[in-house]
Amino acid sequence: MSALISELNPEQLEAVTLPHQSALVLAGAGSGKTRVLTTRIAYLIQSGQVSPHGILAVTFTNKAAKEMLVRIASMLPIDTRGMWVGTFHGLCNRMLRAHHQDAGLPQAFQILDSADQLAVIKRLLKALGADDEKFPPRQVQWFINNAKEEGLRASQVETYDDFARKMVEFYRFYEQQCNKEGVVDFAELLLRSYELLTRNEHLREHYRGRFDHVLVDEFQDTNRLQYKWLKLLAGNRAAVFAVGDDDQSIYAFRGANTGNMKDFEKDFRISKIIKLEQNYRSHGNILDAANTLIRNNSGRLGKNLWTSEGHGEPIRVYNAPTDFDEASFIVEEVKSLRAEGVVLSQIALLYRSNAQSRVLEHALFNASLPYRVYGGMRFFERQEIKHALAYLRLIANPEDDNALLRIINFPVRGIGMRSVEQLQDEAGRQGGSLWAAMGHKYRGDAAFGPNSGDKAQVRLESKPWLDKPKKGVEGFVALIESMRQVCEKLPLPEVVEHMLEHSRLAAYYRAEREGADRLENLNELINAATSFVHEAEDDSLTAFLSHASLEAGEHQAGGGQEALQLMTVHSAKGLEFHSVFLSGLEEGLFPHDNSRNEVGGVEEERRLMYVAVTRARRRLYLSFAQSRMLHGQTRYNIPSRFLHEIPDSLLKWLQPVQKVAIRNEDWGTGRKGSGRVIHEPGHGVPARPADIRDSAASQWRIGQNVTHARFGAGVIVNCEGHGADSRVEVRFGRTGTKWLLLEYAKLTPA
DNA sequence: GGCTCCTACTTTTTT
DNA sequence: AGTAGGAGCC
């Protein structure tokens with residue numbers, strides 16, 4: 001016991017050993033948040049206050065959940081598999097599987113990811129003859145998910161105009177469609193689970209009786225529904241231990257509600273908030289920068305990070321003429337860091353938006369520095385994997401129209417648009433699924449239905465259809481039926497293998513010229529199934545499909561190598577690195593232009609900046625470029641306001657080195673082309689791109705930083721006219737872009 | 001049914 | 001700049 005808690009600081013100790021009561025822990029970046037959470041679980045169990053059975057621990061990402069389980073397992077010699085530790089969605093899925101009948105779901109209900117959901121909505125809108133100019137599918141999707149995340153069904157959404165009424169109508173049809181197919185989207189997992197507990201008193205009391213302690217990680221990221229779910233589950237008995245950091249709330253844009261922290265204080269009668277402010281990660285200068293920065297936000301719960309370690313190095317700032325120069329600066333610095341012995345995997349290149357990675361990748365590629373970009377296409381979202389999963393879904397649940405439509409004619413088997421439309425009409429008439437419509441139409445001449453399995457089996461053995469596949473709908477029905485038969489008897493990896501061959505998916509990609517990678521991914525799917533069977537408690541096909549939907553991000557290829565880490569600031573949350581490069585610190589980019597019009601947008605951007613800064617342990621680089629290629633256009637930006645919010649005393653401005661990268665002919669020829677950065681040490685290569693022209697009034701140039709008496713700092717982005725008519729277009733930080741007559745506007749070069 | 005061309009889009013993202 | 005998805009043509 002004492003070993004568990006001996007190395008905790010007083011606040012951590014207080015949090016870990018708190019008696020049975022609800023508590024809010026404000027845990028700053030690097031303050032040992034995960035450690036406190038897991039140690040508390042271990043402490044509660046080891047001191048006999050609760051059995052593993054009585055613990056419910058919730059996180060947002062699978063990665064965090066896994067990390068939690070690993071840490072608990074390292075502290076306690078218990079089997080963690082029976083514990084309810086997981087993501088909101090994972091736990092709700094678990095609950096709904098256990099009570100699928102009470103929840104009104106088929107046993108093998110399938111989970112739609114965002115792309116699946118969008119496909120269902122598109123199909124629905126089309127069937128309803130909706131004008132997709134007026135009602136873009138994405139917006140409908142957004143509307144539905146928002147409503148669900150507020151805990152509202154179509155019948156409960158209040159509408160004040162025709163547009164909203166139309167949206168609600170789509171929502172209602174969407175609900176019906178999902179119910180018909182036995183599929184649920186992500187938000188539905190939460191909402192169903194919530195409704196199940198609301199309606200079913202017996203179950204509610206069962207779970208309330210079971211969970212003595214509910215622990216929540218990243219509490220600031222919970223949405224309204226998740227909060228309601230927690231409240232419902234906790235009841236009056238359970239102690240809810242919520243850990244979060246309002247300063248690291250960066251997901252308001254997708255429904256996270258920091259207000260939950262304040263509600264929590266009230267609803268759970270929290271008498272005392274424990275603050276973890278001692279930081280074990282970063283040196284003083286980095287923390288001071290983060291603290292001063294975040295103080296510009298209003299309505300914070302308030303917290304100041306400190307460290308017992310020294311100030312460390314100053315924060316390095318680099319002002320680059322162009323994004324290319326910025327990238328080559330970073331490359332040079334990375335090289336010298338590596339020479340100093342910092343391993344590449346401990347260096348992160350962070351940026352606000354994914355589009356910024358390209359120029360960095362290019363420079364890294366040319367410098368032969370290994371790197372890994374996070375946040376690309378996920379394994380389970382790849383086209384070929386989606387196809388394969390669609391077959392598997394049909395095996396598990398043939399009513400899944402979405403899956404059926406994806407592969408009814410892939411690989412092609414002569415089912416054209418017309419046949420599909422006929423089937424859809426038929427399904428519409430029957431009010432059932434497409435599969436049911438097929439059965440209706442082909443009953444008698446094709447193997448179909450629960451009792452026709454034997455027939456299919458005989459057919460399969462006597463005349464293997466692989467040699468002579470039946471075409472058309474009849475062939476498709478026979479194919480799926482035979483797969484369903486065969487798969488009942490095989491272990492999961494062999495089911496996948498069988499499906500890949502007999503669906504002819506494997507053959508299709510084997511024949512495809514560029515299909516090698518896809519084929520490899522399909523093989524990887526068999527591997528994924530194999531390891532799933534070894535690791536999971538439940539190794540059924542349905543469980544595997546849930547895993548594929550809920551943990552799509554987990555299965556990322558090519559991890560572990562010694563490589564630089566490239567990612568957005570969002571995906572860096574929770575991670576730490578020896579050295580961090582934060583590039584693109586420009587107004588319009590970070591803070592992003594689009595956030596300026598949103599309520600609280602800039603404050604969220606500032607929290608994002610706070611997250612970025614606090615990722616660095618020892619060294620932090622901040623850089624910006626005066627001109628940048630974005631969406632095919634050169635943009636001229638002024639330095640980010642966040643840069644000015646960090647005290648100058650913490651910063652060290654680096655001089656532009658005499659090595660300047662210029663673009664040559666090859667530069668834009670693509671990632672794997674022969675593009676090359678030319679280094680010309682000591683040569684006076686002009687730092688500015690060649691496309692900058694002198695304006696009429698020659699003292700002003702495009703790209704020049706200027707100051708305006710009223711609008712403040714800006715940068716000239718365009719100019720026109722001669723003599724007294726000369727006008728310049730200036731982009732200012734707050735005011736946006738303005739055309740100014742040089743004769744009147746009091747501009748000073750900055 | 002599949003290919004090519006054109007257009008529209010481009011903040012952040014987990015489940 | 002780059003790409004994804006749709007329309008239209010063979």
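To find a chain, count down the sequence lines: A is the first, B the second, and so on, and within it residues start at 1.
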N/O contacts under 3.5 Å, protein versus nucleotides 1-4 of chain B?
residue, atom, partner, partner atom, Å
dG1(B), OP1, Asn409(A), ND2, 3.1

Find the distance [X]:[atom1] to [N]:[atom2] and express it as a whole number of Å.
| X | N | atom1 | atom2 | answer |
| --- | --- | --- | --- | --- |
| Gln383(A) | dA4(C) | CD | P | 11 Å |
| Glu218(A) | dT15(B) | CD | P | 12 Å |
| Trp229(A) | dT15(B) | CH2 | P | 16 Å |
| Arg635(A) | dA1(C) | CZ | C1' | 14 Å |
| Arg382(A) | dA4(C) | CZ | P | 12 Å |
| Arg138(A) | dA4(C) | CZ | C1' | 11 Å |

Do you see a donor-acceptor pair shorter than 3.5 Å between the side chains of [X] and [Y]?
| X | Y | answer |
| --- | --- | --- |
| Asn637(A) | Arg628(A) | no |
| Gln356(A) | Ser353(A) | yes |
| Ser549(A) | Ser546(A) | no |
| Gln117(A) | Gln141(A) | yes |

**Q.** Check: His99(A) ring centre within less than 6.0 Å of Tyr207(A) ring centre
**A.**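 Ring centres of Tyr207(A) and His99(A) closer than 6.0 Å.
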(Q) Are His100(A) and Phe109(A), when compared by the centres of their aromatic rings, separated by less than 6.0 Å? (A)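 No - the distance between ring centres of His100(A) and Phe109(A) does not fall below the 6.0 Å cut-off.
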(Q) Tell me if the CD atom of Gln633(A) is crowded by more than 12 foreign heavy atoms within 6.0 Å. (A)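 Atom CD in Gln633(A) is not crowded, with 12 or fewer foreign heavy atoms closer than 6.0 Å.
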Q.
Around atom CZ of Arg153(A), are there more than 12 heavy atoms from other residues, nucleotides or ligands closer than 6.0 Å?
A.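 For Arg153(A), atom CZ is crowded (more than 12 foreign heavy atoms under 6.0 Å).
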Q) Which of these nucleotides, dT15(B), dG2(C), dG6(C), is closest to any side-chain atom of Lys122(A)? A)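 Nearest to the side chain of Lys122(A) among the choices is dG6(C).
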Q: Determine, for nucleotides 8-13 of chain B in 5'-to-3' order, which nucleotides have protein heavy atoms under 4.0 Å from the base (write B), from only the sugar-phosphate (write S), or from neither (write -).
A: --BBBB
